[in-house]
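Naming convention: chains lettered A, B, ... in sequence-line order (proteins, then strands); numbering from 1 in each chain.
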Amino acid sequence: MERYNFNIIEEKWQDFWEKNKSFKTVADKNKKKFYVLEMFPYPSGKIHMGHVRNYTIGDVLARYKSMQGFNVLHPMGWDAFGMPAENAARENKLDPKEWTNSNITTMKNQLKKLGLSIDWDREISTCSEDYYKHQQIFFLELLEKKLIYRKENYVNWDPVDETVLANEQVIDGKGWRSGAVVERKKLSQWFFNISKFSQDLLDGLDALDSWPNKVKTMQKNWIGKSFGCEIEFKIEGQLPIDKIKCFTTRPDTLFGFSFLALSIDHEISSFYKDNKEFIDFKEECSKTGTTEEAIAVGEKIGFKTNLKAINPLNPSQKVPVYFANFVLMDYGFGAVFGCPAHDQRDFDFAKKYNLEIKTVVRPHEKDKNFKVENEAYSGPGVIINSEFLNGFEAPNNSVIETIKILEEKKLGKKQINYRLKDWGVSRQRYWGCPIPVMYDQDGKVHPVPKSMLPVKLPENIDLNVKGNPLDSIENWKQIEIDGKKYTRETDTLDTFVCSSWYYLRFCSPNEKNYGFEKSDIDYWMPVDQYIGGVEHAILHLLYSRFFMRAINFENKDFNIKEPFQSLFTQGMVCHETFKDEKNNWLNPDEVFSEDGKNFFSIKEKKQVKVGPSESMSKSKKNTIDPEKMINNYGADSVRLFIMSDSPPEKDVQWSTEGMEGSFKFIQKLWSLNKKFTDKIKKNEKGVNDDTIIKYTNSLINKITNNLENFRYNVIIANFYEMYNFLNKELEKPVSKKVLIDNYYIILKLLNPFVPHFASECLEKFSEFKKDNNEWPKANEKLLAEEKVKIVVQINGKKREILETTKDISENEILDMINSNDKLKNYLYKKELIKKIFVPNKIINLIIK
RNA sequence: GGGGCGAUGGCGGAAUUGGUAGACGCGUCGGUCUUAGGAACCGAUAGAGCAAUCUGUGAAGGUUCGAGUCCUUUUCGCCCUACCA
C-alpha cells in the first residue's frame, strides 16, 4: 500500500495556506471573535520543544474555535529586545539587530513548518521602530499622568552584565542570567508606580475565574497585603531626632517591646556615616547578604546606638535602638519594634544581645504560668502582662482594640501595607527601547517632543565598552532643540515593558499614529485564551495587568483592566540526562542503547550515566531539536506526540518510542482512510449503519468536551480508540451514505490536531462530500439512545455488568437480575435488606 | 520558615457529580508473514490462583450501600516564595 508521504503533503498544505492567506483575520462586528494568544518567543536562534508544545496547544484551540464559526485572531510576534542579542553581538562582532532578525527568519520558518494557523500579516517585533515608537508614546503618557517617576535608589547591580536588575531578577542573591553575586549600588532610576494599583491588582484577581488558582495565589503573595498599624516611637538621645515610625501587624504585643531595630539604610544611619564601628558593621551585613545559606543560618546581628525608644503604651519603659541586618529598608518604614516573645527573629536577636523576653500572649491550652522560653510563640491566645490590654483574644480582637487605643491617643494609626514595590525599568544596556526623555543643562527632565519620536537606537556602534554603550555615543547623546542643548537619557527600558502591551498591538499592527486603534481594541480585547509557561506567573502577567490599568488611568476612552480573560499554563518538556565518565553532559544524539536500560556513548562506546528526566535545557544537553523531528516524522506526528503523553498542564517526557508511535498512527490513519474510500465504492447494504452512526455521534461529544477542557491527551487516546473500533467495524457491511457522512465528520474532528493530514484527506474526499469546515455537533437525541452498562453489586461487590437501554426502571433491572443465572445464585435463600439504584449507573443489593 | 501541587501496573497516564480502577499509548511476552527483521499484522499483559475467586490507587484510620475521588492523621516527592515586621 502507498505510504503517507508527509514531506510532500505537509509542504503542499503549508504553501496553500500561505498563498491563500488562509489564516488572515479582519475585525468583523457581525462575527463573534475569539482571541487566542500564546506567549511570544524570544528570538534566541532556533525553536525548542517548549515552543512546539506551547504553540501546538494554541493552534489546536485556534483551529477548533475557527471551525466553530468564531472569527479567530491568532497572531505571532517576537520579544526581540534583550541581553542575549547584545552578548552574542559582542562575542561575534555582529550587529544585535542583524543577529535578532536572522534568528527571527529562522524561527519563523520553523514555526511555519509546524503548520500553525497564524495570521503572519500581523507579525510584530518589539525591536522594530514601528513598535517601540508607540511604547515611547505610552511612556510619555504615563510620565504625564505621574505614574512614572525618577528616584535615586539602591539597585541590584550585576557586575558581570554591568546592569541593574529588578528584585525579581535576583535569585538567591545572584543575577538571574549571569549568576554573578549581586552588589548594592545607588543610581538614579526610572520607576513605574505599580504599587499605586496594589489593591486593584489584588481585587482584580477575584474576577479571573479562568486563571489557574496557583497563579492567582502566587500574585496574591507577591502583592503581599498585610493589615496592621504604624506607630510613632518617641526617641531620646544625643541626636536631633525625636521620633521613629514603625509598621507592625502585632501592635497588641507592645507590652512585650524590648528593642527597636532599624535598617542599615534607614535615614538615621546618616548620623553614623563616619562612625568606624558602624562602617564595619555595614560591611559585616553585606557579607551575610541575602543568599539562601545566610538566611538558613539566619544569624541576626545588630549595632547598638546611643538612642532609646519609648514605649507609647508604657512611657516609663525605654528600650535600646539598634541597627539590625534583618530589617529591610523597602518594607514598612525600615524600622521594626522588637517583641522577642512572639516573633522568632526578634527572639533570636534578643537572645544574642541579652534583651528582655516578656511573654504577653498565652496560648489557650496553656495555664497562667506560661512563659516563652526556647522559641517565640506567634499563635493565637489571650493577652497577658499588658495592663489594659489583658484578656483580649489575640490576634484578632487584640489587634483591633490596640489600634483603637493608639488612634485615640494619637500615637499611631491603622495601616495596610503591601509588599509589592514599584517597578524599576531602567536598564544600562544598548539593545532595548530608548527612554524618550532628555536633560537640560541643569539636569532637569524634559520629555522628547512627540514629533521627534521615535528616539531611535544608534546603529553600527561599538559594543565592546564598559558599562552602557549608549553612554559613549556622544553624537547621539547630545542634541539641540531650538538652540537649547540637551543630553539624552541613555538608559533603555526593561524588556518586560515591551511584553506588557504587545497583545494590544496585535489588534492593530499597522496603526501608524498610536499603539492601537480603539475600534480594534473594542472588538478583539480581551485575549480570550492566553497560553504560556508558569514561569511568567508573576512578572509578565502582573506587569501586563498593571499596564492596562496605567493606560486606563484618567482615560475615558479605554476601559480594559484585565488583558487576559483566561489563562492556561502548560508544563515543560523533559528528557533524561546523560553524563559520560568525565561527568560531561551528552546529548541524546550522542548515546545509544540496545535494551533501553544501558546507554553507551557513540563516540567512545563506553557506558554513560543516565540521569533523571529533567526539563530540556541547553546546559544539560538533554534537548531534542524540533526541526530534526519534523524532518524525520513530519509536523503532524510531532504535534500528535507532544500532546499525547501527558495532560498539557503537566510536564511531558519526550520519548523516541512515543514519537515513533505517533508517526505509525498517522500511517494507520492513512490506511483507515483507504479502507473507507474503498468501502464507499463498494456500495454495500447497511447492516452495521446504526453502530457507526452512534459511535461517531458519541465521539463528537467526547472530543468536543475534552477540547473545551484542554484534555488533549485524552483526545489523542480517543482517536486511537476510534481507529481500533472502526478498523474492526468496517469488516461488516455499511451503506455508502453512512460511510460518507461519518467519515467526513471524523476527518473534521482530526483537523485541528493533524491539519495537514486532515486537509489532504478532506481534499481527496471532496469527490464524495464537500460542504463547509464547520465543527460537527453531536445529536442529543442519538446520545440519549445509547446503550448503558449497569453494574450489579451485591453487598457492595461488583458481580455483573448488564447492558441495557438508557433510563430503564429499577423493576426492569431487578427482573433482569432475577433471570440471570449467575446473579440468581448469589440471591438464593437470602434476605434482601436494602436496594440502592442509581439510574444508568449501578444497582447495589444488600442481602443477608 | 510560609504557601501550593502531587503520589494509580514495568513506564507515561485514563477514570462527569463518590458508582466497572488501570481507557489509550509505550514497553514486555507469544503468534502470523518473511532469507531476515529493529517493518507490518494478530493476541496477551495489575498481582496471586488450574479455577471459581481473592487482593489491589504511598501509609493508618474514618464517613458511606459503595471511596483513586470526601474527612482526619502521617510519609515521601516536586514547585513557588523567602529575614515582609
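For B/G77 and B/U72, the P atoms lie 23 Å apart once the distance is rounded to whole Å. B/G61 sits 23 Å from B/C54 when the C1' atoms are compared, rounded to a whole Å. Using C1' as the reference atom, B/U16 and B/C11 are 28 Å apart when rounded to the nearest Å. Nucleotides B/U35 and B/A44 place their P atoms 28 Å apart, quoted to the nearest Å. B/A85 and B/C78: their P atoms are spaced 28 Å apart (whole Å). Taking the C1' atom of each, B/U32 and B/A23 are spaced 27 Å apart, rounded to whole Å. Nucleotides B/G62 and B/U69 have their C1' atoms positioned 15 Å apart, rounded to a whole Å. Taking atom P on both B/C76 and B/U64, the two are 32 Å apart, rounded to the nearest angstrom.
Nearest-nucleotide positions on RNA chain B for A/A335 and A/N718 put A/N718 closer to the 5' end.
Rounding to whole angstrom units, CG of residue A/N221 and C1' of B/G3 are separated by 6 Å. Going from atom CG of A/N724 over to atom C1' of B/C41 covers 13 Å, rounded to whole Å. Look at NZ on A/K798: it is 15 Å from C1' on B/A52, rounded to the nearest Å. Spacing between atom CZ of A/F227 and atom C1' of B/A85 amounts to 15 Å, rounded to whole angstrom units. Between the CE atom of A/M659 and the P atom of B/C11 there is a distance of 24 Å, given to the nearest Å. Rounding to whole angstrom units, CE of residue A/M643 and C1' of B/C24 are separated by 15 Å. Rounding to whole angstrom units, CD1 of residue A/I416 and P of B/A85 are separated by 13 Å. Rounded to a whole Å, the CD atom of A/E375 is 10 Å from the P atom of B/G1.
Base pairing analysis places B/U64 opposite nothing; no Watson-Crick or G-U wobble pair with both distances below 3.5 Å involves it. With a cut-off of 3.5 Å on both Watson-Crick or G-U wobble distances, the partner of B/G12 is given as B/C24. Both distances falling under 3.5 Å, in either a Watson-Crick or a G-U wobble arrangement, place B/A7 opposite B/U75. Base pairing annotation: B/A46 forms a Watson-Crick or G-U wobble pair with B/U55, both donor-acceptor distances under 3.5 Å. In this entry B/C41 has B/G31 as its Watson-Crick or G-U wobble partner, both defining distances falling under 3.5 Å.
Contact annotation: A/K728 reaches the phosphate of B/G43 (side-chain N/O to OP1 or OP2, under 4.0 Å). For B/G25, the OP1/OP2 oxygens have no side-chain nitrogen or oxygen of A/Y720 closer than 4.0 Å. Taking side-chain N and O atoms only, A/N213 has no distance below 4.0 Å to OP1 or OP2 of B/G3.
Every residue meeting the ring pair (Phe, Tyr, Trp, His ring centres under 6.0 Å) condition with A/Y353, not counting sequence neighbours, appears here in chain and number order: A/Y322, A/F349.
Summarising the geometry of A/S644 relative to A/I716, their closest heavy-atom pair is CB-CG2, 3.6 Å, with the distance given to 0.1 Å.
Residues A/K694 and A/E786 are not paired through a salt bridge, judged by the lack of any N-O separation under 4.0 Å between the basic side chain and the carboxylate. Here A/E731 does not pair with A/K728 in a salt bridge; the nearest charged N to carboxylate O distance is not below 4.0 Å.
The only member of A/D422, A/I223, A/L201 that meets side-chain contact (heavy atoms from CB on, under 4.5 Å) when paired with A/S195 is A/D422.
Listed nucleotides B/A85, B/C83, B/G4 differ in distance to A/K214; the shortest reach to its side chain belongs to B/G4. Side-chain proximity of A/R799 to the nucleotides B/C80, B/C54, B/A40 is greatest for B/C54. When the nucleotides B/C26, B/C54, B/G3 are ranked by their closest atom to the side chain of A/T217, B/G3 comes out on top. Out of B/C83, B/A85, B/A40, the shortest distance to the side chain of A/K300 is found at B/C83. Distances from the side chain of A/I842 to the nucleotides B/A23, B/G19, B/C80 place B/G19 closest.
Ring pair A/F257/A/F233 is tilted by interplanar angle, where 30° to 60° counts as tilted.
No engagement by A/K216 is indicated, since no non-hydrogen atom pair under 4.0 Å with the nucleic acid exists. If you check every strand for non-hydrogen atoms under 4.0 Å, A/K835 touches nothing.
Checked by atom type, the side-chain pair A/Q653/A/S613 shows a donor-acceptor distance below 3.5 Å. A donor-acceptor pair shorter than 3.5 Å cannot be found between the side chains of A/D645 and A/N713. Side-chain contact, A/T402 with A/D252: no donor N or O sits under 3.5 Å from an acceptor N or O.
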Output a table of nitrogen or oxygen pairs between the protein and nucleotides 12-15 of chain B separated by less than 3.5 Å.
from	atom 1	to	atom 2	distance (Å)
B/G12	O2'	A/D645	O	2.8
B/G12	O2'	A/S646	OG	3.4
B/G13	O3'	A/N713	ND2	3.4
B/A14	OP1	A/N713	ND2	3.2
B/A15	OP1	A/R711	NH1	3.4

For nucleotides 61-67 of chain B, which of its nitrogen or oxygen atoms have a protein nitrogen or oxygen under 3.5 Å away, and what is each distance?
from	atom 1	to	atom 2	distance (Å)
B/C65	OP1	A/K834	NZ	3.2
B/C65	O2'	A/N844	ND2	3.3
B/C65	O2	A/N844	ND2	2.4

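Atoms CG and CD1, from A/L832 and A/I847 in turn, are 8.0 Å apart once rounded to the nearest 0.5 Å.
B/G25 adopts an anti glycosidic conformation, its chi angle falling more than 90° from 0.
When side chains are defined from C-beta on, A/S698 counts as touching A/L783, because their heavy atoms get closer than 4.5 Å.
Relative to the six-membered ring of A/W670, A/R3 misses at least one condition, a distance below 6.0 Å or an angle of at most 45° to the axis.
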